[in-house]
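Data block below; observations after.
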Amino acid sequence: MFSVRIQPSPLVAADAQAWLAAAPGAGAVVLFSGLVRDEGDQVQTLTLEHYPGMSERRLRELCEQVAARWPLARVLAWHRVGVMTPAETIVLVGVAAAHRREAFEACDCLMDRVKTEVPLWKKLSGPGGDGWVEARDRDREAAARWHPPVEDKR
């Protein structure tokens, strides 16, 4: 029911699509591909780092939570780490469901939550130097619409 990966090698969207489409009872597949943006020639490379084990566990938890909310046949979340250049695929999330409405909503929810809740560290390198990328307010707002805010328990 779930496929979760974090890998340094390129992500293959055709493989993800084929795995989702092979789900028994699937009448709709939604697959989202996130690409490294160039942002006006300001990005030469994007480097993603993660803590092995922790990031995969969080991806799987998110897949399980999405599957608990919508009637899905399969849920996929693959993320790339390492050094990437503009236009390379950085993330694939997708779902297979009986009908399109739940497939679109579930995939949208999964991507919003992957973007804000999976521990990954991003560093941009360009003509102006290197810098770590912080989460944006609009990404947090997009994710918040899928669940109530989580209290900080520190």
Side-chain angles (χ1 to χ4, degrees), residues 1-21 29-70 72 74-96 102-154:
M1 165 130 204
F2 305 111
S3 179
V4 172
R5 295 183 189 172
I6 294 182
Q7 62 188 51
S9 57
L11 300 172
V12 180
D15 292 348
Q17 176 75 22
W19 185 79
L20 290 166
V29 169
V30 174
L31 178 65
F32 171 81
S33 301
L35 309 177
V36 176
R37 283 189 307 268
D38 186 358
E39 303 199 20
D41 294 329
Q42 296 303 303
V43 176
Q44 292 172 328
T45 62
L46 175 66
T47 303
L48 263 72
E49 296 180 9
H50 75 119
Y51 188 78
M54 177 189 293
S55 301
E56 290 92 338
R57 185 174 55 245
R58 188 64 186 136
L59 271 180
R60 184 164 187 89
E61 289 169 353
L62 293 174
C63 289
E64 291 169 354
Q65 290 170 10
V66 167
R69 185 168 178 173
W70 287 276
L72 304 174
R74 289 190 174 174
V75 183
L76 175 143
W78 296 353
H79 218 294
R80 177 113 182 255
V81 292
V83 179
M84 290 162 271
T85 57
E88 287 190 74
T89 301
I90 189 172
V91 64
L92 295 171
V93 297
V95 301
E102 58 258 28
F104 277 119
E105 290 177 359
C107 191
D108 193 18
C109 174
L110 182 59
M111 187 59 230
D112 283 342
R113 295 189 65 194
V114 165
K115 181 114 181 158
T116 57
E117 298 178 35
V118 176
L120 295 162
W121 295 272
K122 298 178 183 177
K123 183 172 69 176
L124 284 175
S125 298
D130 298 344
W132 291 98
V133 178
E134 297 289 330
R136 293 178 292 195
D137 288 341
R138 70 177 183 221
D139 293 331
R140 284 189 285 270
E141 291 167 7
R145 67 189 165 123
W146 300 109
H147 59 84
V150 176
E151 292 182 35
D152 188 355
K153 297 183 179 179
R154 287 185 269 169

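Just so you know, these numbers use all the heavy atoms, side chains as well, and skip hydrogens, waters and symmetry mates. Fair warning: this is a prediction, and the values are worked out from it, not measured in the lab.
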Glu39 meets the side chain to side chain contact (heavy atoms under 4.5 Å, CB included) criterion, sequence neighbours left out, with Arg37, Val43
Is the backbone of Pro10 close enough, under 3.5 Å, to the side chain of Gln7 for a donor and an acceptor to pair up by distance? yes
With a 4.5 Å cut-off on side-chain heavy atoms, are Thr85 and Val36 touching? no
Using modelled atom types and a 3.5 Å cut-off, is there a donor and acceptor pairing between side-chain atoms of His50 and backbone atoms of Trp121? no
Any side-chain heavy-atom pair of Trp146 and Val66 under 4.5 Å: no
Taking ring-ring contact (aromatic ring centres under 6.0 Å, His included) as the test, write out the residues that go with Trp19, two or more places apart. none
CG of Leu62 to CG of Asp112, rounded to nearest 0.5 Å, is 11.0 Å
In this structure, CE of Met84 is separated from OG1 of Thr45 (nearest 0.5 Å) by 9.5 Å
Heavy-atom count check: over 12 atoms from other residues, nucleotides or ligands less than 6.0 Å from Arg145 CZ? yes
Heavy-atom nearest pair, Ser55 first then Pro119, reads OG-O, 2.7 Å
In terms of heavy-atom contacts, Val95 and Ala103 come closest through CG2-O, 3.2 Å
If you take all heavy atoms of Ala13 and Ser33, which pair is closest and at what distance? CB-OG, 4.3 Å
Euclidean distance, Asp15 CG relative to Leu20 CG, rounded to 0.5 Å: 11.0 Å
Kindly write out the residues that satisfy side chain to side chain contact (heavy atoms under 4.5 Å, CB included) with Pro127, not counting sequence neighbours, or none if the list is empty. Gln42, Gln44
Shortest non-hydrogen contact between Cys63 and Leu110, atoms and distance: N-CD1, 4.2 Å
Sorted by chain and number, sequence neighbours left out, side chain to side chain contact (heavy atoms under 4.5 Å, CB included) with Ala16 holds for Leu31, Leu76, Trp78, Leu92
Drop me the distance from Lys115's NZ to Ile90's CD1, to the nearest 0.5 angstrom. 7.5 Å
Would you list the pairs meeting salt bridge (Lys or Arg N to Asp or Glu O under 4.0 Å) in which at least one residue belongs to residues 80-94, sequence neighbours left out? Arg80-Glu88
For a quick test of reading the model, state the closest non-hydrogen atom pair linking Leu72 to Ala106 and the distance between them. CD1-CB, 3.8 Å
Under a 3.5 Å distance rule, please check whether Ser125 uses its side chain to pair with a backbone N or O of Asp130 as donor and acceptor. no
Could you pull out the closest heavy-atom pair between Ala96 and Val29, with the gap in Å? CB-CG2, 4.1 Å
Counting neighbours of CZ on Phe2 that are heavy atoms of other residues, nucleotides or ligands and sit closer than 6.0 Å, is the number greater than 12? yes
Point-to-point distance, once rounded to the nearest 0.5 Å, from CD of Glu102 to SG of Cys109: 13.5 Å
Inter-residue atom distance Thr116.OG1 - Met111.CE, 0.5 Å rounding: 9.0 Å
For residues 50-60, which residue pairs pass the salt bridge (Lys or Arg N to Asp or Glu O under 4.0 Å) check, not counting sequence neighbours? Arg58-Glu61, Arg58-Glu117, Arg60-Glu64
